[in-house]
Undergrad: 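To start, I am sharing the structure in question, which I have written as structure tokens.
All values reported here derive from a predicted model rather than from experimental measurement. Start at 1 with the first residue, then count along the sequence. Atoms within a ligand are numbered from 1 in the order they appear, just like the ligands themselves.
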Amino acid sequence: MAMDLAKEILKLKREKNALILAHYYQPGIIQDLADYVGDSYYLSEIARDCKEEVIMFCGVRFMAESAKVLSPNKTVLMPCPSAGCSMADMASGKALLELKEKHPDAYVVCYINSTCNVKAHCDVAVTSSSALKILKKIPNKKIMFLPDRNLGEYISEFFPEKEFILWDGFCRCHNKVSREDILIEKEKHINAKVLVHPECTKEIRDIADYIGSTSGIIDYATKDEGTDFIIATEEGILHELKKKNPNKNFFIPGDKICCQDMKKTTLENLYDALLNMKNEMIIEENVRKKALRSLENMHLLASQDVRSN
Ligand code: 13P
Ligand code: SF4
């Protein structure tokens, strides 16, 4: 049955001239179906540059929204319209405007994990794979960063000369990764390296051998000569890690780091959305144009070598 549905999706995809994009946190069966799998930065570039008229974005809302902002003439669909990002929902455009009034001289940087209404009031967007590169190119001394406090704090450590105003948002799934769980895994696998996403807290970042985006973690584990890795990010990444490294071992601390929203995509809702062209991203043109500026600045300031798959 599952196989039939996968075949039907591929057939429909060709009929509708659609492209399927999937983030590394998506269920493995969805990653296997996708035309491109990647991190937030890479997928935003593919969405912008692809020739297909329809993009089926298997990820969460801010990713599909960004695709629509970048490609207003394409039809951008999601398998499940309620797949949001709890961190993105921790900042609103209205609250950002209030904070900006208090710091009119700040350069405003948003994580791509933010709503369109927030992006509309920012100078530039960043992803975890492009943030440091982009920040290096910003001359302003005062930086406002939202919504992820952990990523903001991580970036700020590289720029001691700058003043950072950090929003108090976080990812419910990365923020609760436990140091004890990592140490337990380290005791069991003494040579294992600890690879951490920067959305984790400082106490987790402090015991990391490597800190980086999903694509950065995959690249590191693939190139490293070690065989054991403790992975402090969402477990969907294991699919690509194991595919690229069948002879290496990967351990998730506490056995579970799971983004419920990323797991809302199923073959059934993907098929239904494609067949009926459901769950289309619609963004008010005024907001889209403003949000576009922050995403275009992101692509402009990030150099080619941040891309990955
Ligand atoms: P990446 O850009 O590293 O893929 O991260 C996206 C994300 O949502 C992390 O929680
Ligand atoms: Fe958002 Fe966290 Fe899920 Fe990433 S893992 S999409 S930050 S809730």
Undergrad: Counting non-hydrogen protein atoms only, what is the nearest one to atom 8 (O) of ligand 1? Give residue, atom name and distance.
TA: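 Checked against all protein heavy atoms, atom 8 (O) of ligand 1 sits closest to Asn113 ND2, 3.2 Å.
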
Undergrad: Are any of the side-chain nitrogens in Lys244 or Glu240 under 4.0 Å away from the carboxylate oxygens of its partner?
TA: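 Yes, charged N to carboxylate O under 4.0 Å.
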
Undergrad: Under a 4.0 Å N-O cut-off, is there an ion pair linking Lys188 with Glu185?
TA: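 Salt bridge between Lys188 and Glu185, a charged N being under 4.0 Å from a carboxylate O: yes.
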
Undergrad: Return yes when Ser129 approaches ligand 1 closer than 4.0 angstrom through a heavy atom, no otherwise.
TA: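 Checking ligand 1 against Ser129, which is what was asked, there is no heavy-atom contact under 4.0 Å.
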
Undergrad: Can an N or O of Ser213 be found at a distance shorter than 3.5 Å from an N or O of ligand 1?
TA: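 No - when backbone and side-chain N and O of Ser213 are compared with those of ligand 1, no distance drops under 3.5 Å.
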
Undergrad: Could you check atom 9 (C) of ligand 1 against the protein and tell me its nearest heavy-atom contact, residue, atom and distance included?
TA: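 Minimum-distance protein heavy atom for atom 9 (C) of ligand 1 reads Glu199 OE2, 3.0 Å.
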
Undergrad: Taking the six-membered ring for Trp, are His174 and Tyr25 parallel (under 30°), tilted (30 to 60°) or perpendicular (over 60°)?
TA: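 The arrangement is tilted - the two ring planes meet at 30° to 60°.
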
Undergrad: Could you pull out the N/O/S protein atoms under 2.8 Å of atom 3 (Fe) of ligand 2, ignoring any water?
TA: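 Sorted hits: Cys259 SG.
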
Undergrad: Looking at Phe251 versus His189, is the centre-to-centre ring distance below 6.0 Å?
TA: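 Yes.
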
Undergrad: Under 4.0 Å between a Lys/Arg side-chain N and an Asp/Glu carboxylate O for Glu235 and Lys256?
TA: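 Salt bridge present between Glu235 and Lys256.
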
Undergrad: Return the residue, atom name and 0.1 Å-rounded distance of the protein heavy atom closest to atom 2 (O) of ligand 1.
TA: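 Minimum-distance protein heavy atom for atom 2 (O) of ligand 1 reads Ser40 OG, 2.8 Å.
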
Undergrad: Is the closest heavy-atom distance from Met87 to ligand 1 below 4.0 Å?
TA: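 For ligand 1, residue contact (heavy atoms, under 4.0 Å) with Met87 is absent.
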
Undergrad: Are there over 12 heavy-atom neighbours, none belonging to Glu157, within less than 6.0 Å of that residue's CD?
TA: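 Above 12, so yes.
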
Undergrad: Could you tell me which residues satisfy side-chain hydrogen bond (donor to acceptor under 3.5 Å, both in side chains) with Lys13, sequence neighbours excluded, listed by chain and number?
TA: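 side-chain hydrogen bond (donor to acceptor under 3.5 Å, both in side chains) list for Lys13, sorted by chain: Asp35.
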
Undergrad: So Met90 and Arg172, side chain to side chain contact (heavy atoms under 4.5 Å, CB included) or not? Walk me through it.
TA: CA-CA 11 Å; Met90 288 177 189; Arg172 288 195 217 287; 3.8 Å; yes

Undergrad: Given Thr214, Ile218, Ile237, identify the one with the heavy atom nearest to atom 4 (O) of ligand 1.
TA: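 Of the listed residues, Thr214 has the closest heavy atom.
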
Undergrad: Would you call the rings of His299 and Tyr41 parallel, tilted or perpendicular, where under 30° means parallel and over 60° means perpendicular?
TA: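 Answer is perpendicular, since the angle exceeds 60°.
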
Undergrad: I need the nearest protein heavy-atom contact for atom 5 (O) of ligand 1: residue, atom name and distance, please.
TA: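 Atom 5 (O) of ligand 1 sits closest to the protein heavy atom His197 NE2, 3.4 Å.
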
Undergrad: Please identify which atoms of ligand 1 are closer than 4.0 Å to at least one heavy atom of His174.
TA: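 Those atoms are 10 (O).
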
Undergrad: Tell me which part of Tyr25 gets within contact of ligand 1: side chain, backbone, both or neither, using heavy atoms under 4.0 Å.
TA: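 The answer is the side chain of Tyr25.
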
Undergrad: How does His23 reach ligand 1, if at all, at less than 4.0 Å between non-hydrogen atoms: by side chain, backbone, both, or neither?
TA: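 It is the side chain that touches ligand 1; the backbone stays farther off.
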
Undergrad: Under a 4.0 Å threshold between the charged nitrogen and the carboxylate oxygen, would Asp32 count as salt-bridged to Lys243?
TA: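 Asp32 and Lys243: salt-bridged.
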
Undergrad: If you link I, L, V, M, F, W and Y whenever their side-chain heavy atoms are under 4.5 Å apart, who else ends up in the same group as Val118?
TA: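 So far as hydrophobic clustering goes, Val118 is joined with Leu96, Leu99, Val108, Met144, Leu146, Ile165, Trp167.
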
Undergrad: Test of understanding: with side-chain hydrogen bond (donor to acceptor under 3.5 Å, both in side chains), list the residues that count as partners of Arg288, not counting sequence neighbours.
TA: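 With neighbours one apart ignored, the set is Glu285.
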
Undergrad: Would you please determine whether Met262 falls within less than 4.0 Å of ligand 1 on a heavy-atom basis?
TA: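 No.
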
